[in-house]
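This report refers to the structure that appears directly beneath it.
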Number of protein chains: 4
Amino acid sequence: MMLERFLGSGAAAGALDDTAFMQAMLDFEGALAGAQAAVGAIPRAAGEAIAHACDAARFDATTIAAEGARAGSLAMPLVKALTAEVARTDAQAAMFVHWGATSQDVLDTALVLVSRRVLALVDDDVGALVETLIDLARVQQGVPVLGRTLMQPAQVVSLDFKLAGWIAPLVRGRARLREAGARALQLQLGGAVGTGAALGEHADAIAFAMAQALQLRLPDAAWHTQRDEMATLAGALGVLVGSLGKIAQDIALMAQGEVGELVEGASGGSSTMPHKRNPVGAMVALAAAHRAPQRVAAILGAMPQAHERGLGDWQAELAEFCGLLASAAGAAAAVRRAAEGLQVDAARMRRNIDALQGLVFAEALSMRLASTIGKAAAHHRVEAWSRRAVEQGRHLRDVASSAIVDDEALRDRIPASDVVALFDAEAAAQHASRLARLRLKDLARQSALQEDSAPWAAWLPGDDGDDIEEDA
Amino acid sequence: MMLERFLGSGAAAGALDDTAFMQAMLDFEGALAGAQAAVGAIPRAAGEAIAHACDAARFDATTIAAEGARAGSLAMPLVKALTAEVARTDAQAAMFVHWGATSQDVLDTALVLVSRRVLALVDDDVGALVETLIDLARVQQGVPVLGRTLMQPAQVVSLDFKLAGWIAPLVRGRARLREAGARALQLQLGGAVGTGAALGEHADAIAFAMAQALQLRLPDAAWHTQRDEMATLAGALGVLVGSLGKIAQDIALMAQGEVGELVEGASGGSSTMPHKRNPVGAMVALAAAHRAPQRVAAILGAMPQAHERGLGDWQAELAEFCGLLASAAGAAAAVRRAAEGLQVDAARMRRNIDALQGLVFAEALSMRLASTIGKAAAHHRVEAWSRRAVEQGRHLRDVASSAIVDDEALRDRIPASDVVALFDAEAAAQHASRLARLRLKDLARQSALQEDSAPWAAWLPGDDGDDIEEDA
Amino acid sequence: MMLERFLGSGAAAGALDDTAFMQAMLDFEGALAGAQAAVGAIPRAAGEAIAHACDAARFDATTIAAEGARAGSLAMPLVKALTAEVARTDAQAAMFVHWGATSQDVLDTALVLVSRRVLALVDDDVGALVETLIDLARVQQGVPVLGRTLMQPAQVVSLDFKLAGWIAPLVRGRARLREAGARALQLQLGGAVGTGAALGEHADAIAFAMAQALQLRLPDAAWHTQRDEMATLAGALGVLVGSLGKIAQDIALMAQGEVGELVEGASGGSSTMPHKRNPVGAMVALAAAHRAPQRVAAILGAMPQAHERGLGDWQAELAEFCGLLASAAGAAAAVRRAAEGLQVDAARMRRNIDALQGLVFAEALSMRLASTIGKAAAHHRVEAWSRRAVEQGRHLRDVASSAIVDDEALRDRIPASDVVALFDAEAAAQHASRLARLRLKDLARQSALQEDSAPWAAWLPGDDGDDIEEDA
Amino acid sequence: MMLERFLGSGAAAGALDDTAFMQAMLDFEGALAGAQAAVGAIPRAAGEAIAHACDAARFDATTIAAEGARAGSLAMPLVKALTAEVARTDAQAAMFVHWGATSQDVLDTALVLVSRRVLALVDDDVGALVETLIDLARVQQGVPVLGRTLMQPAQVVSLDFKLAGWIAPLVRGRARLREAGARALQLQLGGAVGTGAALGEHADAIAFAMAQALQLRLPDAAWHTQRDEMATLAGALGVLVGSLGKIAQDIALMAQGEVGELVEGASGGSSTMPHKRNPVGAMVALAAAHRAPQRVAAILGAMPQAHERGLGDWQAELAEFCGLLASAAGAAAAVRRAAEGLQVDAARMRRNIDALQGLVFAEALSMRLASTIGKAAAHHRVEAWSRRAVEQGRHLRDVASSAIVDDEALRDRIPASDVVALFDAEAAAQHASRLARLRLKDLARQSALQEDSAPWAAWLPGDDGDDIEEDA
């Protein structure tokens, strides 16, 4: 679907396309045969012949999908085609294709394998995005910008403070994705009802060898209808998309013509409207932020899968999971692109503050007065002065200064310099920036650690498969 | 994605694939140029050259999608490619490609055009399904089957009664889809901000001619950010999928080994478990019933689109709408397949009733007694008798008959034949069947009317475009 | 829950609270007994005694709910309590409480009754909102305002054009709600498995009389597990909330400090930030726009209800439906409030246009040039002039005028007055306003018709129940 | 709402009701004043006076909610009422109510506080449920039961194997809830835009003291619009509800009249249908499993909150979070109830296996043959024999035994005893049970560890609580 590709990322699309998914299914079959040959459950030659045939280029995904729809299982037609392919050169080996496994073993493991590839892309994009934003925060340190609440200007913060608020959830989100991935990316191998009965006495050793070959976690048990680890991974993806969406939302709002504080580096133009700098990275991330929550809901809603294999719910989960991966990858890549070369208009940020005639400092003024004349009286005065500032188009600082000078009770207790200081956007920004810098230092450290490690600790069952044999 | 095709229908997949969607976009451009030429807004030769170039075979969807992702618009790269294509033969004509239209005009109209094709497929499948089920109800008229509530056997109904409950929502759902389609399948043509300003003085006439050419409804105004008609159509699709899911749910439950009342005609087998008759039609429909509600939620959630064109939400809506169409088409085709050749085991239905030792008739017994000895006393007795029936493994009819004969107060007031009649599964089924037959007659009539009419009345703007000119 | 009340409407909360819901359940029981007495199925005195006891003030909702949770049915403890209440004065009558009905009959009918009350509130609020916006459009006729696409300024439209875009979906949404309500607000009366068997020979007459008494539509059959009409009504509510959310979104964006074009009449203040005019009506509607789609999804997802009564899904649907009603009522009331007294700053709208230095007219300029020198050349020139305008901080009109005068090829073919005319915000707004006025006239007419009719035509089964008796 | 209480748990309802929520808001205000007094930011007497007034019994939640709806903030009217309450005894102290905090500080912290109470209830119920199921698995060790896939009987497993599949996600789910809770249950204290500027120089010390007083985690920064930790907690709740729903689904299916393998301890009866044992615990959990995913989606969908405080999305999140808590608590309590006293009919489980005439052992038979005559030939034979078994109503074991004896090629290579052994349900169950016992041992250990620790490590800002006392 063009529209899906439009909202996705090219790399993720490649990792999720028909060929890639079919290859992942074949990787399972190849690893199964290899493991069975290694432990002596099937002839060594059969293992080799099967592994050799497990190449997606030999099969037609469209035919497999069509037959799968008729059969009610994508795995069955592929196993049949693989068996025929193996039989072309080794009839004996063909007998051992898919030996002891069930359709769901193939499909769940294939999903895990393609998920790993997409998660690595997402991890990489988020890492790069974090670095980009940390750099930006360094460059823009202490730049005053309006803090806005309920879509209204509120008080002055600094741009690095705002950026720290974008970055922290990304660092946490990346950690969360790795944790959830480390648990969810596990082998599925349970046979018809999860007991692995048809794998025979070597079941444990086969699973161990397969997990090692595919570099997947070896689960405590088959998880055919225990989907909580996959659902948790889905949730982590959903949360990350939400955090990316928040950044996109802020960019889109700050890029509005009337605000003009940010412009996306790679913003889309319009042939007929030359002033337009469409925030197309934000667009893709916002689209994902609309879609991903529903993917997560579908996956959660499909959890109550009956007995030992679900009917309809499991199948829905697989498809929704792929859609979620595509959305998350699209969003991560898009926000990364948007951030790289993000143009900051610090002067405009300042003008937007100044345009508010000092009203954003009213709280500070009120609290300063309160310490002198009490909260109620202070509030009352500031309200009146603010009204006057709005009506007369004057700056609240000037209104307040005049009023204080004119007031015997205040004149001597509140020096003029104090009033002026309250309205200092730079000072307000510095306060915010101090908080931000402490935090960014810590975030930079965490991000560096993340960059230095693989997305998730590869499952390493040990140096020597023999240990297992002895135990078994 | 293989998993999507696995859960979809081949025909719908074809109507929604890259080529089809791109062709729909080109159909818009061709119709626009044609209409503009017809009203004299652009040279006749330009109209012809553009229309001639609007053939998806000339363009590469993958490239367009990739460039679209960069540009933040699928329409812009296609317009560019189309312009180049026209320019190859007619540089003058190339100037008029996409003249006065905006990206969203192309994409929304393309969505409408592909939707129409998929809706026609769904309409057809639902129609055939209704006919199949009505036939089945005729054949199975009056067959007793357990009514079940809260997943427990409750009382006896008839199979045609149960089928009428499946059919009615399908007939209503088909009508609903046609109504919603008739309103939502409308031309989009508003230019940059929906005013059609760039279309010039001929704007109305161009729209009229385009709507006629594409056989689409002419809207009251551009609906760039008024998505209520599309959302309503999405809702109608979601409701239909829910009604199909209800049938699938019942089939899956009745096909359980321990129930054994129904087997899907085209049920999937298992190479290693020969007794399995997997309800694969039900599976596909249930998967859709998990997914479609989330597509509808995404479309509803994307409705608050800002100003004159949304950022992210609109784009999400387009993609989700296509996913919803695919799910609905998959579900309709699957339940149709499941119903065609659905095998009914009336004997098993009867055995399932008989296995309950008459307890499903306890309410009837209680009400018969109540009219004689009052509700409370009746309830008390029947409860005791039911307990006895369960404990002693006897039929409640026999327990009750003995007890009544032994009871002086009841013996003369409740004849033995009355008691026996209360436990008559056939009679209970006949009562239900009488209701069902009346209803089915009406449903058959409605379905026949639906079969006789086109899915939705084609928009016919009138015989003569000149009328419009005069009005304008 | 305070948070629910905070986001709801007081009137709807009253229609959905414990007492109201319990009274609706009692209304069912009273109407049932009344109808049964009327047709002679139970003694007239029993009918009267039961109807008399059906007063929510006599029962404790908290106890009923607690016992219902234990029993797995809200209806059972209420029926028990009602029976005890009737028995206090008429032991004989107590025998006939709930006679022949099932729990779901009570609960579904109660849901329908409370829904009707809330829908009437929503209908009323939407009607008033439409009238308010139509009036506003009249007052603000032709006021130029920026049209914005992808969150960027695009071209000039008029405020009444924008308002027409808000109003049309409300008028359609109100009509949709009435249609869906007219079909969904129907009696539920099917007994244990939907056959009405326990109602005896008078079943049809009882249903007829009940429907008449409760002024509800008489359904073709029990709809215990055919939820499509309710789901369609839910969809209509969801779509309406989406259309209200779109208005709220626009208001919130236009009320931003940097845009400053609109202020909500009843905007919330901040004690410490006097410049804040929080768009609290928009806030409530946007909250609903986040929540309602999920309620709709839950209701659609719960549609595949097993057999003759669902387990868990039906119960979820009831609760979600009430939540949806509350959200919709909250949104409608909030946007109505926001619109009443909405302050328009036409001067600011104009300043926002002017601040863009004429770039929003670039498309018009380009098309004017194209008709003289061809599209490609025109586009090329306008792009260069726009760049110059941005770089030099000049108005595009001035840049273009100078350039045309300086250019021999253009000087004579494009009069200066033509160029100036292209940059006329008023003229652009007038074009949009002309479209809007035609449309608003039609919308006003439709709204007036809606105001003149009841929310949905009351179901009127006829003057005389005797007709039915003869048919039966 | 009665329907909400019906689907919730009494204890959770109490923790989430108006009074509880208002008290949580007041706990924030009290702790704030206490902390400010402790660090000398406000007078000691003011701190005491405010803390003393922070008692929900003094305020009317209905009024506060109504005023909050008007003001667009629940916190503002409560702060106003609290100020008035304090002023009744200490006008000076009233000045310091809510000093330096913002509405969102109050509401987010209140949400966190009520969440903690509900999470503790859920944790407790899940713990008890795990223990109950582990005990059941011990008692029912090795009992053969059908494994079922795609809603069809597949092969034989053991009941403890099935129970281990229920238990493991609960143990993981409880751990996940604790982890997510430990991170998400943190203080919110950022003031107007998250910089804590109005808290003055003591901001850090105040936050520290408040976190200690409320025993909440001290966050790295205000998280006004960084909702990822709350969304992650929501996801963990959603996943747990899904795992509970899976158990409920299995119970409901196994409790069907035609299956009859399980009956809920506290199953709901029906006054008129004495045979019904409605699985009402499963019902409540399944209802939650329909609802919770949509709550999670709403929370995820609300994540892109603009700037420093969201408009509509944040408010929606708060309400949805409470709904999610209520659903999760309802589900956990219901499945716990269902499991306590769950009745197992081992004989029926066995009869359900036997009724399948040995067909569930066809895979085992096929694999045994394959090792002798090859997979293809084996499959071919077993298929033929299975068909014969079905047609003749014989046991596959007998059909196979006769066929093998009659076949020269097989007779000598496959001893009769081997064939009989393949059809041994006990042996198949023992294989599954061996796996289960290993796993259950580990799960029991993990559960014991969980029982021994508090739901989440209390936040401890220092080594010694006394230090704090001295400071205070």
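All figures in this text were calculated on a predicted structure; none of them were measured in a lab. Just so you know, these numbers use all the heavy atoms, side chains as well, and skip hydrogens, waters and symmetry mates. In what follows, every chain begins at residue 1, and chains take the letters A, B, ... in the order their sequences are listed.
- Both the backbone and the side chain of D:Leu318 come within contact range of chain C, each with at least one heavy atom under 4.5 Å from a heavy atom of that chain.
- Looking at D:Ser73, only its backbone comes within 4.5 Å of chain C, counting heavy atoms on both sides.
- The two atoms that bring C:Ala298 and D:His290 nearest to each other are CB-O, 4.2 Å, heavy atoms only.
- When all heavy atoms of D:Leu311 and C:Ala252 are compared, the closest pair comes out as CD2-CB, 3.5 Å.
- For C:Ser327, no part lies near chain D; criterion is any non-hydrogen pair under 4.5 Å.
- Counting all heavy atoms, side chain and backbone alike, C:Met2 lies closest to D:Ala61 at CE-O, 4.0 Å.
- Looking at C:Ala302, the atoms closer than 4.5 Å to chain D (heavy atoms on both sides) sit in the backbone and in the side chain alike.
- Here the closest heavy-atom approach between residue D:Ala71 and residue C:Val280 is recorded as O-CG1, 3.6 Å.
- What you find for D:Ala65 and C:Arg5 is that their closest heavy atoms are CB-NH1, 3.9 Å.
- Closest approach of C:Ala316 and D:Ala287 over heavy atoms only: CB-O, 3.7 Å.
- The distance from atom CG of C:Leu286 to atom CD of D:Gln315, rounded to the nearest 0.5 Å, is 9.0 Å.
- Rounding to the nearest 0.5 Å places NE2 of D:His307 at 6.5 Å from CD of C:Gln256.
- Contact count against chain D (heavy-atom pairs under 4.5 Å) is highest for C:Ala319 among C:Ala319, C:Gly323, C:Ala248, C:Ala69.
- Heavy-atom pairs under 4.5 Å with chain D were tallied for C:Glu317, C:Glu67, C:Met22, C:Met283; the largest tally goes to C:Met283.
- To the nearest 0.5 Å, atom CG of residue D:Leu111 and atom CG of residue C:Leu3 are 7.5 Å apart.
- Note that CD of C:Glu320 is 4.0 Å distant from CZ of D:Arg295, once rounded to the nearest 0.5 Å.
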